[in-house]
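One structure is given below, encoded as structure tokens.
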Amino acid sequence: MNIVDVILDKRYGRELSDEQIQFFIDGVTDKSIPDYQISALLMAIVLNGMSEREMTTMTLAMAASGQQNDLSYVDGIPVDKHSTGGVGDKITPLVMPLCATFGVQSVKLSGRGLGFTGGTVDKFESIDGFQIEVPQEKFPELVKATGMVISGQTPDLAPADKVLYALRDVTGTVDSIPLIASSIMSKKIAGGAKAIVLDVTCGSGAFMKTPERARELAEAMIKIGNLAGRKTIAVITDMDQPLGRTCGNALEMMEVFETLIGKGAPDVVEVASVIAANMVELAGKNGDLTGDALVEECKKRLVNGEALEKYYELIIAQGGQVMPNGAPVYKVKPFEEIRVTSPETGYISGIKADVVGHASVMLGAGRVTKEDNIDYGAGISFYRKVGDYVRRGDVLCSFSRGENSDADEGVLYDVMEYILDAYSFSTEPVEKKPSIIDIIR
Ligand code: URA
């Protein structure tokens with residue numbers, strides 16, 4: 001087989017055979033196909049798309065390009081969740097303990113953040129002592145003890161995806177439904193999931209800017225999941241404004257704790273409960289509860305201390321520190337809160353999630369390159385959200401950084417400008433959008 005013929009076939013809009021796709025992924029994995037030919041084929045896929053069969057073959061080939069986890073030690077059906085990314089997305093640290101209250105055991109492999117969307121690994125790492133790089137051989141012991149383990153992704157999980165993703169990032173080929181869908185699903189399948197709940201975010205802070213595109217991505221991933229024998233459900237959630245009241249690592253984990261003691265933001269409680277309910281159902285641990293009744297039960301357990309007990313078990317099992325008053329200890333405390341006040345009187349009509357996400361990265365909460373260090377104390381707290389009425393001079397939000405931050409006055413000034421630019425106002429009342437846009441089964 002010749003890679004140039006494969007590129008030409010896709011360039012002329014022909015469907016690739018399973019053999020051609022396997023040949024491509026093998027060549028990506030063993031590095032026998034040079035970057036320029038890989039990039040040419042990626043661009044042809046962006047332009048001409050892929051059929052369901054092609055996407056599924058590519059996903060399974062990528063999943064098989066490295067180690068495939070065997071989760072047979074998990075009691076019941078191993079169910080995983082994945083979010084397509086966003087700003088202020090602290091759903092994983094909530095749903096893991098919440099699902100554990102139903103006896104759902106989870107093995108979660110998560111990534112670090114790059115760009116304006118935060119990574120779950122960085123969030124957990126903001127807790128003092130928390131060990132996020134867990135050797136695989138310790139997973140069964142931790143799952144037996146607490147029902148949960150969370151760890152950073154190892155380099156041998158879908159290595160073909162790592163090569164492709166790095167090239168997509170620099171060749172303008174990230175934004176393609178077959179490429180995003182196969183990238184995400186290959187890692188879930190290699191991670192050992194037998195059932196998957198996808199949180200497909202939609203809006204300014206997400207890959208998919210409109211509900212139509214989010215639905216397209218969700219449907220592609222569900223088809224791949226079903227063809228690959230994994231029950232898959234997608235929940236389309238709003239990411240037009242940041243989720244909840246904070247973005248930034250320690251701030252978000254503080255919000256997780258607040259949520260678990262019953263003081264959560266309504267959007268966070270809603271999204272976490274709906275995602276958890278679907279995970280519990282796919283894992284077959286829902287008993288007699290289904291639909292709204294199951295979501296209500298999740299909401300109850302999220303805030304009444306049941307999920308909090310499980311959260312403590314998870315933190316302590318992985319070395320995290322908790323104070324005698326029950327609050328986790330954070331590596332770096334957010335300090336020197338700088339307030340951003342409203343320049344107008346009226347209703348908040350928008351808070352662009354991508355713009356505040358960039359502001360948060362400028363403060364040090366995220367990485368621009370993989371090598372960057374994170375300031376766990378950096379981030380933004382949102383006091384008012386879309387639909388709220390404010391008077392000129394009211395505090396909209398505040399931002400903070402860690403004690404040893406290298407964000408100087410100039411950076412702080414730019415951050416202030418960015419944040420103000422993210423807000424828009426209306427003199428007319430603005431309807432609050434639901435946080436769950438759709439659920440696709
Ligand atoms: N997340 C992934 O893992 N892959 C993509 O292509 C996009 C988002």
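Counting starts at 1 for both ligands and their atoms, in listed order.
- The heavy-atom pair separating Lys162 from Pro155 by the smallest distance is NZ-O, 3.8 Å.
- In terms of polar-atom proximity, defined here as any N/O pair under 3.5 Å, Ser183 does make such a contact with ligand 1.
- Using modelled atom types, one finds no donor on one side chain facing an acceptor on the other under 3.5 Å when comparing Asp161 with Ser186.
- Any N or O atom pair closer than 3.5 Å counts here, and Tyr165 shares no such pair with ligand 1.
- A salt bridge does not link Lys123 to Asp89: none of the charged side-chain nitrogens sits closer than 4.0 Å to a carboxylate oxygen.
- The distance from ligand 1 to the heavy atoms of Phe207 drops below 4.0 Å at these ligand atoms: 7 (C), 8 (C).
- Residue Arg168 places at least one N or O, backbone or side chain, under 3.5 Å from an N or O of ligand 1.
- Shown in contact with Lys187 at under 4.0 Å from a heavy atom are these atoms of ligand 1, numbered in order with element: 2 (C), 3 (O), 4 (N).
- Between Tyr312 and Phe257, the ring planes lie tilted relative to each other; the angle falls in the 30° to 60° range.
- Between Leu363 and Gly379, the closest heavy-atom pair is CD1-O, 3.8 Å.
- For Ile184, the heavy-atom gap to ligand 1 drops under 4.0 angstrom.
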